[in-house]
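Right, one structure below, let's go through it.
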Amino acid sequence: YHLINTCTFIQSATEETIDTILSAGKIKKQDEQRLVVVGCFAERYPKEIRSDIPEVDLVFGTGRYSQAGKIIKEQFPQDFIHFKDVNDSLIDRDVLSTMQGFKPYAYVKVSDGCNRGCHFCIIPSLRGEFRDQSEDRIYDDSRLAIRRGAKEICIVSQDTVFYGRDTDKLKDVLTKITEIKGLELLRLLYLYPDKKTEKLLDLFISNPKIAPYLESPIQHVSERVLKSMNRTGSFSFFRDLFTKARQVKDLEIRTSIILGYPGETADDVDEVLRFVEEVRPEKLALFAFSPQEGTKAAKLKLDVSKKEA
């Protein structure tokens with residue numbers, strides 16, 4: 001079996017996905033493999049894959065990850081005649097990371113989906129509305145990963161800080177995870193840069209098991225551009241947020257910024273440059289705006305070329 005887990009978050013990812021599938025199609029002809037395409041690209045373009053890439057034997061999207069084993073077995077029953085036991089949840093997306101074997105870290109998912117509604121983003125159409133994972137499931141996944149040798153737990157989701165909405169539930173859950181025997185480090189990934197993340201930094205400061213690492217994608221600093229993106233924040237708020245984060249010893253900041261967004265001006269870009277020079281994040285991902293079909297931003301007039309961005 002040749003199973004490809006795909007991405008379509010930005011145009012370059014979509015192009016890479018298509019190239020990978022086509023390359024796998026050539027390998028399939030040589031080795032008589034089954035070619036299975038899953039993930040976000042499969043969720044978004046199932047009909048197109050089936051009609052345009054006949055080498056693909058099976059397509060299903062993110063919404064059916066937890067049934068992967070069952071789906072594959074039902075599609076190719078002749079391949080499983082000699083297998084009595086097959087894991088029907090072969091690639092359950094909520095617990096896959098705790099099955100990695102001997103790695104010193106593991107990913108534990110606390111939620112899925114997103115309610116932010118950023119005008120450039122297709123995640124809600126692929127992943128659906130925000131859904132909390134149960135506290136018991138999070139604790140069980142964390143304990144399982146530690147029993148299997150993980151020393152570091154990485155908390156992931158599309159919008160980690162939205163867990164528990166406007167309550168202290170996320171802080172309480174994280175604190176309880178740090179109390180699990182055998183855990184050395186708890187790393188939080190993808191914290192939306194808002195007041196809740198600012199408040200959560202108090203936990204970074206007080207709890208030595210929280211990794212000194214802030215991953216918070218601001219996407220821009222111009223209030224006008226952020227408003228057009230349907231995001232919150234400003235130059236001053238993000239500066240103050242990252243300044244507070246620097247209270248944590250040896251903390252590393254990772255953020256991302258989109259350039260070339262419709263309506264962006266030279267003054268907006270200068271504001272971004274001033275911000276980067278002042279805050280100096282350790283890791284900075286810069287992306288040229290990539291209009292995604294079906295998003296509100298895709299309907300806006302492009303003012304700069306992708307090359308210029």
Side-chain angles (χ1 to χ4, degrees), residues 7 9-10 13 40 93 97 103-116 118 120-124 127 130 132-133 138 141-142 145 150-164 169-171 173-175 177-178 183-221 226 229 231-235 237-259 272 275-276 278-287:
C7 179
F9 186 59
I10 57 177
C40 291
R93 59 180 168 177
S97 62
K103 290 184 179 180
Y105 60 89
Y107 295 95
V108 171
K109 202 165 194 178
V110 298
S111 65
D112 207 358
C114 183
N115 290 357
R116 298 286 181 179
C118 300
F120 56 82
C121 185
I122 62 169
I123 284 179
R127 298 287 189 173
F130 185 91
D132 284 352
Q133 184 68 273
I138 294 171
D141 287 353
S142 299
K151 299 299 182 182
E152 175 181 332
I153 296 294
C154 301
I155 297 297
V156 296
S157 73
Q158 281 81 48
D159 188 3
T160 301
V161 78
F162 199 70
Y163 185 88
K169 184 178 178 181
L170 176 62
K171 184 177 180 180
V173 167
L174 297 176
T175 299
I177 294 174
T178 63
L183 177 72
E184 296 183 5
L185 205 61
L186 182 63
R187 187 179 302 272
L188 312 184
L189 303 181
Y190 206 90
L191 302 181
Y192 188 94
D194 60 7
K195 288 289 186 180
K196 191 172 179 181
T197 291
E198 183 180 44
K199 186 177 179 180
L200 193 62
L201 285 173
D202 293 332
L203 186 63
F204 283 67
I205 296 170
S206 64
N207 194 321
K209 284 195 175 181
I210 302 295
Y213 176 80
L214 177 62
E215 182 182 74
S216 190
I218 60 174
Q219 308 302 15
H220 216 284
V221 298
L226 287 165
M229 290 178 168
R231 290 179 64 88
T232 60
S234 65
F235 186 114
F237 177 79
F238 296 149
R239 179 191 57 205
D240 293 346
L241 176 69
F242 291 162
T243 298
K244 181 177 181 179
R246 294 295 187 195
Q247 295 178 34
V248 180
K249 184 180 178 181
D250 299 326
L251 180 130
E252 179 179 280
I253 293 174
R254 183 186 189 280
T255 192
S256 59
I257 295 173
I258 298 172
L259 296 175
V272 168
F275 180 86
V276 172
E278 182 173 341
V279 175
R280 302 189 71 80
E282 282 72 17
K283 294 183 179 179
L284 174 63
L286 296 174
F287 296 94

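In what follows, every heavy atom counts, from backbone to side chain, and hydrogens, waters and symmetry copies are set aside.
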Strictly distance-based, threshold 3.5 Å: is any side-chain N or O of [X] a donor or acceptor partner for the main-chain N or O of [Y]?
X      : Y      : answer
Lys244 : Leu201 : no
Gln158 : Asp112 : no
Glu184 : Glu152 : no
Ser216 : Leu191 : yes
Tyr213 : Arg254 : no
Thr197 : Tyr192 : yes

Side chain to side chain contact (heavy atoms under 4.5 Å, CB included) between Gln247 and Phe204, intermediate numbers included: CA-CA 9 Å; Gln247 295 178 34; Phe204 283 67; over 6 Å; no
Lys169 NZ: over 12 foreign heavy atoms closer than 6.0 Å: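 It does: Lys169 NZ has more than 12 such atoms within range.
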List the atom of [X], the atom of [Y], and the distance in Å for their closest heavy-atom pair.
X      : Y      : answer
Leu226 : Ile218 : CD2-O, 3.7 Å
Arg246 : Pro281 : NH2-CA, 4.0 Å
Pro124 : Cys121 : CD-O, 4.0 Å
Asp132 : Ser111 : CA-CB, 4.2 Å
Pro217 : Thr255 : CA-OG1, 3.6 Å
Lys209 : Leu183 : NZ-O, 3.0 Å

Check against side chain to side chain contact (heavy atoms under 4.5 Å, CB included), Arg187 and Cys154: CA-CA 5 Å; Arg187 187 179 302 272; Cys154 301; 4.2 Å; yes
Quick one: pull up [atom1] in [X] and [atom2] in [Y] and give me the separation to the nearest 0.5 Å.
X      : Y      : atom1 : atom2 : result
Ile210 : Leu200 : CD1   : CG    : 7.5 Å
Lys109 : Leu189 : NZ    : CG    : 12.0 Å
Met229 : His220 : CE    : NE2   : 5.5 Å
Ile258 : Phe120 : CD1   : CZ    : 4.0 Å
Ile253 : Leu284 : CD1   : CG    : 11.0 Å
Leu188 : Tyr163 : CG    : OH    : 13.5 Å

Working for side chain to side chain contact (heavy atoms under 4.5 Å, CB included), residues Ile177 and Ile155: CA-CA 10 Å; Ile177 294 174; Ile155 297 297; 4.0 Å; yes
Among Lys196, Arg116, Arg127, the one residue meeting salt bridge (Lys or Arg N to Asp or Glu O under 4.0 Å) with Asp159: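 Single salt bridge (Lys or Arg N to Asp or Glu O under 4.0 Å) partner of Asp159 among Lys196, Arg116, Arg127: Arg116.
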Donor on one side chain, acceptor on other, Ser157 and Thr160, under 3.5 Å: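 Yes, Thr160 and Ser157 have a side-chain donor paired with an acceptor closer than 3.5 Å.
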Criterion side chain to side chain contact (heavy atoms under 4.5 Å, CB included) on Asp141 and Ile153, from CA distance to verdict: CA-CA 10 Å; Asp141 287 353; Ile153 296 294; over 6 Å; no
Plane angle bin for Phe275 and Phe242 - parallel if under 30°, tilted between 30 and 60°, otherwise perpendicular: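 Ring orientation of Phe242 relative to Phe275: tilted.
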Asn207 vs Leu186 side-chain heavy atoms within contact, under 4.5 Å: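 The answer is no; the side chains never approach within 4.5 Å.
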